Each structure stands twice: as structure tokens, then as C-alpha cells.
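Remember, it's a predicted structure, so these values are computed and weren't measured experimentally.
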Amino acid sequence: MAPAAARRPRRKASRRARSSPLAGARDRSAEDWWWDRLAPSGSEYHLLQADSMLLVLPGPGPSRSRAHRRASRRAQRPPSGSAGAAKPKPRPRPEPAPTPPEQGPDAGWGDRIPLEVLVQIFGLLVAADGPMPFLGRAARVCRRWHEAASQPALWHTVTLSPPMAGRAVKGNVKAEKKLLASLEWLMPNRFSQLQRLTLIHWKSQVHPVLKLVSESCPRLTFLKLSDCHGVTADTLVMLAKACGQLHSLNLQHSMVESTAVVSFLEEAGSRMRKLWLTYTSQTTAILGALLSSCCPQLQVLEVSTGINHSSTPLQLPVEALQKGCPRLQPSGRGVALGPGFPSLEELCLASSTCNFVSNEVLGRLLHGSPNLRLLDLRGCTRITPAGLHDLPCQELEQLHLGLYGVSDRLTLVKEGSSLLTQKWYHTLRELDLSGQGFSEKDLEQALAAFSCIPGGSHPALCSLNLRATRVTPNTVSSVISSCPGLLYLNLESCRCLPRGLKRAYRGVEEVQWCLEQLLTSHASPS
């Protein structure tokens with residue numbers, strides 16, 4: 001018995017001796033193994049550790065030694081075992097690498113980025129998503145980020161809206177006052193280089209905000225007031241005098257007296273380039289100021305009718321407006337502004353209902369506009385292909401003639417679509433004939449123009465809307481085959497096409513699939 005009992009302790013000791021190297025490997029594999037793998041000794045790499053990331057950088061650097069990091073982590077670990085267990089003897093720890101006494105702990109990779117580089121990075125984010133709320137959150141990261149986010153050059157475009165907009169009146173007033181208190185500090189400290197400002201849903205504190213703008217933002221060039229109340233003449237005149245570079249004003253969907261706008265134009269009209277208005281009964285007084293040549297540099301005038309537009313059409317003396325604003329490049333809906341604008345490139349007269357734009361009005365408007373690129377006449381039932389053919393523009397790229405929600409009682413033109421394609425087949429990129437009443441043969445002649453381009457080059461057409469027209473399968477097949485760059489084709493509600501193909505096709509693959517189906521269905525009866 002004695003020899004057997006004597007052999008048992010020896011076996012246990014030998015097991016512990018064999019297992020001790022494995023235990024040591026397990027203890028160091030959780031941390032040391034990764035440190036050795038990421039930056040082996042002698043590899044000329046060093047490690048930088050921040051709060052939520054780990055950087056491996058080439059070359060020597062003032063990083064903390066691994067032994068120092070291991071010692072700090074081990075010191076923070078709680079002792080294992082029960083409370084009454086004896087404390088293990090402290091093991092000798094390797095001492096950290098000597099550091100100069102004047103050098104403190106590593107502040108992290110954020111302080112190593114130059115301020116100019118950090119401002120450039122922030123500028124890219126601000127250009128994509130705006131300064132708020134990114135800059136406010138970035139300023140809380142560290143001192144270097146706070147310094148970069150505080151640069152006034154990043155605060156050149158700002159949109160301000162009370163956080164409780166759309167709720168009860170008392171809540172709106174309280175929210176506006178709270179935001180105004182913040183603006184009293186932000187305006188002089190952040191907005192000194194502000195160029196574009198948009199105010200949305202301000203009901204009671206517009207005057208104090210614009211007063212701060214006039215005191216702290218001398219470089220303001222664009223101001224938009226959307227759904228704002230309480231804009232007085234004194235407010236706009238004060239802003240016009242203080243901001244000498246202000247040349248664009250958007251007052252659409254805001255309650256502004258016409259006298260206030262007229263007073264503003266009398267003060268800043270000589271430098272105004274863009275003006276956006278909502279058509280009301282007071283718009284006539286503002287247009288009268290424009291006719292008196294108070295804005296000779298005006299290039300864009302947009303008069304929106306809004307959702308609940310007035311039934312009274314807006315009457316404009318187009319020749320007088322041309323004399324008062326010779327550089328005007330109109331951009332509006334349902335408004336003909338005058339003939340002979342040589343700089344005009346885009347014109348939109350679209351409306352959801354029938355309007356009173358005719359061939360005569362369009363001719364007066366576009367006479368002397370050879371550089372026109374986009375013409376949107378959706379809803380203009382009085383415009384005919386013959387009237388469009390007489391326009392002086394020779395390189396039209398987008399033509400929209402779709403009719404949406406038009407009454408069936410109207411008599412639509414059935415011939416003449418070939419006049420459009422024969423004139424602009426070499427430059428048209430987008431063509432919309434939705435809802436037009438052209439016959440099958442007329443559409444066939446019109447779309448055949450895209451297959452007759454001289455020189456063997458392909459047409460530029462990439463978007464074609466034939467919704468609710470009388471286009472035939474042969475005509476669709478021909479235009480798809482002639483236009484390899486066609487990316488959008490709308491064949492919804494086309495009564496002459498077979499079932500299953502009356503839908504919109506997006507992308508080259510879907511358009512080619514439509515061509516295959518049309519060819520198959522056409523060949524199957526024979």
C-alpha cells in the first residue's frame with residue numbers, strides 16, 4: 001500500500017509540471033499574442049491606442065511600451081478567489097521604457113492630425129449633409145475637433161428651424177425663443193462668414209433673428225424664408241442695408257406684405273439677381289416695381305401659384321418686363337415673361353391643369369432665345385407641333401409635352417409629331433409625349449427619325465415617355481433598336497400593345513427585354 005500511495009503524488013506533480021506551460025500560454029494569448037502579431041519586435045512598427053480603435057503605424061513613434069500597458073491593465077484587474085483567501089505574492093513587473101520628463105501620456109491619434117487637414121475633412125462632410133448637427137456633435141469629441149468645428153469657414157450654409165415646429169402655438173413660441181438665445185452666441189462666433197441662410201417655420205421671432213443676421217453676417221448672399229410670419233418692411237430694409245452682398249431672396253410660401261418687398265427692392269434692387277415669389281393679390285405691386293427697372297441685374301424670377309392657386313390668371317406686359325429686366329432668365333410655372341432673352345436655357349411652363357399658354361405666347365417668349373436646352377410644356381394643350389417647329393432654338397435636349405389629368409372633352413392634335421423629331425432628333429435626350437392624341441401612323445413617322453441619323457452615329461435619346469399613346473409594337477421595336485442608349489421607356493396604358501408589356505422599363509436590360517418580348521409576340525402568330 002505504501003509504494004502505491006507514494007506514487008500518486010508524483011503523478012500529480014508531473015501532470016502539473018506538464019500543464020504549466022499551457023497555462024502560461026493561455027494567460028498571455030488573450031493580450032500578448034495579439035500585440036506580438038500586430039507589431040512584432042524589430043519590425044519598425046509601433047502601436048497607438050485610442051478609446052475605440054487601435055492604429056498600427058510604420059516607423060518609430062512616441063507610443064507607450066507594451067510592458068507599461070500590460071502593467072496598467074493588470075493593476076486594474078480585481079483579485080481572484082474568495083475574500084478570505086490569501087493574497088498572492090506580487091510578481092516582478094517589467095519597468096516601462098524611460099520617457100522624457102517633459103513628455104506626458106500620448107493624447108491619441110486625433111491630436112496628430114493637422115488642424116488644416118481636419119478642417120478640410122469636416123468641409124467635405126458639411127458640403128454633403130450641412131453643418132448641423134455634425135459640427136455640433138464633432139465639437140464635443142476633443143479639444144482639437146472643437147477647434148476645427150469652430151472655424152467660421154465651415155458655417156457658410158445654415159438652415160434654422162425650431163425643433164417643435166408644427167405643434168401648438170405656445171410650444172412654437174417657446175422653442176423659437178430658446179433657439180434665439182443660442183443664436184445670440186452663435187451668430188457672432190460662428191456665422192461671420194455665413195453666405196446662405198434658410199429660415200423655416202418661424203412664426204414670431206423672425207425680426208430678432210434677421211437683426212442678428214444683419215449685425216453678424218456681412219457676407220450673406222442668399223436668404224430664404226419658408227412658412228415664416230411677421231416679416232416687416234423695416235426688417236427687410238435693415239437687412240438690405242447691412243448685407244451689401246445679398247443678391248438672392250426667396251419668399252415663397254411666407255406671409256410678407258408687398259410693401260415690404262417693394263421697399264427691399266428699392267434698397268437692394270440694383271444688385272438683385274434672383275427672386276422667388278408666391279402669386280397672391282399683392283404680387284401685382286411687386287411686378288410693378290420690376291417693370292420700373294429697379295432690378296436691372298435680375299436673372300431669375302419665379303412666381304409660384306402654390307397648391308391653392310388663384311383662379312385669376314397673372315397678366316404680364318411681357319415687353320415692358322423685358323425692358324425693365326433685360327437679363328432675365330425666367331424660371332416659373334404658368335407664367336410667360338416676355339420675348340427675346342438670348343441667355344435663356346431652361347423654360348418651365350408646366351401645370352397640372354390646362355393653362356392659357358398658346359403658340360403666340362410661346363413665340364413671343366422664346367423669340368431670340370437660340371440657346372434653349374430644356375422646354376417643359378406639360379399641361380399646355382394649346383401648344384401644337386407647328387408652333388414648336390417655328391422656335392429659333394436648334395439644339396433642344398429635353399422636350400416635355402405630356403398631358404396629365406386632362407379632360408377627355410378636349411380635342412387633341414392628331415398629326416404633326418414628326419415636325420418635332422425631324423427638327424431635334426440629333427440633340428434630343430428626353431422626350432415626353434404622354435397622353436398626346438397622335439395617330440399610329442404619325443407616331444411611326446415621328447420615331448422613325450431616330451433611325452435616320454447620318455454618319456452611322458447613334459441618337460442621344462435616353463428617355464422616352466409614350467404613356468397612354470397609340471404607339472404600335474413595330475414602332476416601339478424600331479425605336480429601341482435605333483437607340484442603344486435608351487435607359488427609360490414608359491409604355492403604360494398603351495392600347496395598341498399586347499398585355500404584359502404595358503409598363504415602364506428602367507435600365508438597358510429591361511428595355512432590351514421589352515424588345516425581345518415584342519419581337520417574339522410579333523413572330524409567334526406567323
*Does a salt bridge link E346 with R373, judged by any charged N lying under 4.0 Å from a carboxylate O?*
no

Has the side chain of [X] got a donor or acceptor atom that lies under 3.5 Å from a matching backbone atom of [Y]?
X: W276; Y: V300; result: no
X: W202; Y: L160; result: yes
X: S216; Y: V213; result: no
X: T427; Y: L396; result: yes
X: E147; Y: R143; result: no
X: S254; Y: C228; result: yes

*Residues in ring pair (Phe, Tyr, Trp, His ring centres under 6.0 Å) contact with Y488, at least two apart in sequence or another chain*: none

Between atom [atom1] of [X] and atom [atom2] of [Y], what is the distance when rounded to the nearest 0.5 Å?
X: S417; Y: Q422; atom1: OG; atom2: CD; answer: 9.0 Å
X: L399; Y: D432; atom1: CG; atom2: CG; answer: 8.5 Å
X: T381; Y: L401; atom1: OG1; atom2: CG; answer: 11.5 Å

_Walk me through whether S226 and N250 qualify under side-chain hydrogen bond (donor to acceptor under 3.5 Å, both in side chains)._
CA-CA 8 Å; S226 179; N250 190 336; over 6 Å; no

Would you be so kind as to tabulate the donor-acceptor pairs closer than 3.5 Å made by side chains of residues 189-197, with sequence neighbours excluded?
unit_1: N189; atom_1: ND2; unit_2: W185; atom_2: O; d: 2.6
unit_1: R190; atom_1: NH2; unit_2: S150; atom_2: OG; d: 3.0

*Can you check side-chain hydrogen bond (donor to acceptor under 3.5 Å, both in side chains) on T475 and S478, steps first, answer last?*
CA-CA 5 Å; T475 303; S478 176; over 6 Å; no

*Show the numbers, then the answer: is there a salt bridge (Lys or Arg N to Asp or Glu O under 4.0 Å) between E492 and R467?*
CA-CA 5 Å; E492 296 177 352; R467 180 181 180 274; 3.4 Å; yes

*asked:* Testing C295, C294, P296 one by one against L298 for a side-chain contact (heavy atoms from CB on, under 4.5 Å), which residue passes?
replied: C295

Residues 230-242 side chain polar contacts: donor-acceptor under 3.5 Å, at least two apart:
unit_1: T232; atom_1: OG1; unit_2: T235; atom_2: N; d: 3.3
unit_1: T232; atom_1: OG1; unit_2: T235; atom_2: OG1; d: 2.8
unit_1: T235; atom_1: OG1; unit_2: H207; atom_2: ND1; d: 2.6

*Under 30°, 30 to 60°, or over 60°: which ring-plane class applies to W513 and Y505, parallel, tilted or perpendicular?*
tilted

_side-chain hydrogen bond (donor to acceptor under 3.5 Å, both in side chains), that's the test. Do H201 and D227 meet it? Break it down for me._
CA-CA 5 Å; H201 302 304; D227 193 22; 2.7 Å; yes

